[in-house]
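Read through the structure below, which is laid out as structure tokens, and then see the notes.
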Amino acid sequence: MNLSLYELFLVLIIGQCVFLIFAIQYIPKKHTGANRIIQYLLAIYSLFLLERAIGADLDTYFLRRYSGFINTFYLFIGPLVYTYIRRLLFYKNGNYRLAYYHYVPALLFLGYCFFHVYIYHSITDLHRYFTTLLLWNDAVFFISISAYLFKSYRLLNYYKKHEEQELSFNQTIIKYIEIMLICLLIYMIFWLLGMVERFVVKLPIDIGMIWDISCLIFCIQIYIVGFYNLKHPELFKIRFPSKTESIPKRKNGLGDNEIHKIQNLIDIFFKEKKGYRRPELSLSILADEIHTTTNKLSWVLNNVYKKTFYQLVNEYRVADFSQRINENAHKEFTLVSIAFEVGFNSKSTFYKAFKEITKMTPSDYIKHVENSSKRIV
């Protein structure tokens with residue numbers, strides 16, 4: 001078997017993929033449910049890359065008769081990507097599963113593969129048969145993956161919209177999922193180009209080149225998965241609303257006494273216990289700390305404090321940071337180290353929150369404090 005340089009590159013990527021499948025098992029603070037799904041996806045990607053790398057050396061008869069079994073896995077990509085994102089982003093969704101009917105198309109296609117093997121020798125016009133089969137295959141796979149891609153984008157947009165209400169920081173994970181979905185979107189665009197080139201009109205780029213580019217997109221996804229899973233193993237989540245959950249317009253069943261009790265517990269947690277200094281703090285964690293539900297806590301924050309969780313927590317953090325600057329802590333420590341001490345978990349989140357609240361950068365604030373001190377002297 002003689003491998004071209006490109007095919008050798010694919011084999012190396014497959015090795016990287018296999019390494020990641022095993023390495024993810026040993027990530028500290030791992031999200032087992034989500035990582036299990038990404039392991040399945042990596043296995044599927046490596047299988048497709050292997051087919052592309054050695055497919056030219058396989059017997060045509062073998063490929064025509066049995067390649068459908070490998071293609072069945074295309075129908076698992078969409079559901080698995082959606083499940084992965086759902087498990088990764090949402091609190092108490094670590095073991096989330098789609099209903100079984102989402103996998104029915106894959107099972108039906110698998111059944112057809114067995115039927116195809118059975119009738120193969122009785123097919124009289126192979127060219128016409130395979131042209132029709134490839135068209136239907138490509139259309140079904142394209143519709144399936146595109147549908148779950150759209151569903152995944154909606155899920156991510158919901159998360160981005162509600163992140164500030166439930167987390168006290170912005171997550172790197174959003175960039176990771178956005179890049180992952182963009183790669184899948186580009187892959188589907190090339191898939192569509194491949195259908196046009198094969199069944200509609202010849203394009204300047206031939207089908208072989210389209211397949212090669214598609215494989216490279218899988219390679220990029222594998223490296224993205226490897227980078228983020230190894231560099232950012234600890235991810236934080238927000239809750240996913242149940243079907244019966246609605247946004248409360250009144251008191252959500254809360255009496256005045258319970259409202260005051262929750263408000264008092266919030267103030268104690270932030271003012272006395274300095275709970276805002278916990279970088280992983282989220283709405284769910286705070287609700288557990290003060291022994292209430294996220295629904296009740298969210299209602300009190302929105303209707304009593306008139307702020308999102310993100311705004312309230314970062315106001316305390318910025319106030320603590322400002323107090324330390326007033327005490328000249330910046331002359332002994334870096335601004336970022338002080339920011340981390342008061343609860344921020346990244347430099348970008350700190351600078352963004354500080355400017356939103358004070359309307360100036362940390363450096364400008366320090367100059368303002370120093371100028372004020374000179375005038376007093």
Side-chain angles (χ1 to χ4, degrees), residues 17 20-21 24 30-48 70-110 137-163 166-167 171-192 214 217-218 220-229 232-233 235-243 245:
C17 197
L20 284 174
I21 291 173
I24 287 173
K30 61 185 179 182
H31 292 277
T32 306
N35 285 345
R36 188 179 300 115
I37 299 298
I38 201 62
Q39 287 172 311
Y40 296 156
L41 284 169
L42 287 172
I44 291 173
Y45 292 169
S46 62
L47 185 63
F48 292 149
I70 295 178
N71 292 336
T72 302
F73 288 101
Y74 277 112
L75 293 172
F76 285 98
I77 291 178
L80 287 177
V81 167
Y82 178 82
T83 301
Y84 176 62
I85 294 173
R86 180 77 172 262
R87 288 188 179 189
L88 203 58
L89 292 181
F90 294 96
Y91 181 64
K92 295 183 179 179
N93 269 212
N95 294 313
Y96 171 80
R97 290 181 177 85
L98 283 170
Y100 292 114
Y101 64 81
H102 289 272
Y103 300 98
V104 168
L107 296 177
L108 291 175
F109 187 83
L110 182 62
N137 284 358
D138 283 1
V140 170
F141 298 155
F142 179 81
I143 292 171
S144 173
I145 298 176
S146 297
Y148 286 99
L149 180 61
F150 175 73
K151 192 176 175 70
S152 298
Y153 267 113
R154 288 188 62 189
L155 191 66
L156 181 61
N157 286 334
Y158 173 88
Y159 180 87
K160 290 163 68 175
K161 181 179 178 182
H162 291 82
E163 183 188 29
E166 302 209 19
L167 296 177
Q171 296 195 78
T172 307
I173 188 61
I174 289 181
K175 294 180 182 178
Y176 163 51
I177 293 177
E178 283 178 337
I179 295 173
M180 191 175 178
L181 291 180
I182 288 171
C183 284
L184 191 55
L185 176 62
I186 295 173
Y187 179 78
M188 297 315 299
I189 291 173
F190 276 94
W191 189 304
L192 186 60
S214 298
I217 294 171
F218 274 144
I220 292 171
Q221 280 193 300
I222 290 168
Y223 273 106
I224 291 170
V225 169
F227 176 80
Y228 276 93
N229 275 274
H232 303 285
L235 307 172
F236 302 94
K237 308 179 181 186
I238 68 172
R239 62 197 172 93
F240 192 83
S242 65
K243 293 181 180 179
E245 183 179 336

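Keep in mind that the numbers below use all heavy atoms, side chains included, and drop hydrogens, waters and symmetry copies.
Checked against side-chain hydrogen bond (donor to acceptor under 3.5 Å, both in side chains), Q39 has no partners two or more places apart in sequence or in another chain. Residues meeting the side-chain contact (heavy atoms from CB on, under 4.5 Å) test with V104, sequence neighbours left out: Y101, L108. Under the side-chain hydrogen bond (donor to acceptor under 3.5 Å, both in side chains) criterion, Y45 pairs with Q221, sequence neighbours left out. Every residue meeting the ring-ring contact (aromatic ring centres under 6.0 Å, His included) condition with Y74, not counting sequence neighbours, appears here in chain and number order: F48, F141, W191. Considering only residues two or more places apart in sequence or on other chains, I143 meets the side-chain contact (heavy atoms from CB on, under 4.5 Å) condition with none of them. For S144, the side-chain contact (heavy atoms from CB on, under 4.5 Å) test picks out L75, Y148, with sequence neighbours left out. Scanning for ring-ring contact (aromatic ring centres under 6.0 Å, His included) contacts around Y103 gives F76, with sequence neighbours left out. With sequence neighbours excluded, no residue satisfies side-chain hydrogen bond (donor to acceptor under 3.5 Å, both in side chains) with Y40. Contacts of D138 classified as side-chain hydrogen bond (donor to acceptor under 3.5 Å, both in side chains), with partners at least two apart in sequence or in another chain: R198. For I182, the side-chain contact (heavy atoms from CB on, under 4.5 Å) criterion is met by Y153, I186, not counting sequence neighbours.
What you find for I220 and C183 is that their closest heavy atoms are CG2-SG, 3.8 Å. Taking both residues in full, the closest heavy atoms of I85 and S152 are given as CD1-CB, 3.7 Å, listed atom of the first, atom of the second, then distance.
For the atom pair Y187 OH and L149 CG, the distance stands at 12.5 Å (nearest 0.5 Å). Between the CG atom of N35 and the CG atom of L42 there is a distance of 10.0 Å, given to the nearest 0.5 Å. Annotation: the span from I77 atom CD1 to M188 atom CE amounts to 8.5 Å, rounded to 0.5 Å. Separation of atoms OG1 (T83) and NE2 (H102) is listed at 8.0 Å; rounding is to 0.5 Å. Within the model, atoms CE of M180 and CD1 of I224 stand 8.5 Å from one another, a figure rounded to the nearest 0.5 Å. Of the inter-residue distances, the one linking I217 atom CD1 with L185 atom CG reads 9.5 Å to the nearest 0.5 angstrom.
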Practice task
Kindly determine whether R87 and R97 satisfy side chain to side chain contact (heavy atoms under 4.5 Å, CB included), including the steps that lead there.
Solution key: CA-CA 9 Å; R87 288 188 179 189; R97 290 181 177 85; 3.7 Å; yes
Problem - Full working for side chain to side chain contact (heavy atoms under 4.5 Å, CB included) between L181 and V81 - result: CA-CA 9 Å; L181 291 180; V81 167; 4.1 Å; yes
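Side-chain atoms of I44 and L80, non-hydrogen and from C-beta on, do get closer than 4.5 Å to each other.
Residue-environment remark: CZ (F109) exceeds the threshold of 12 foreign heavy atoms within 6.0 Å.
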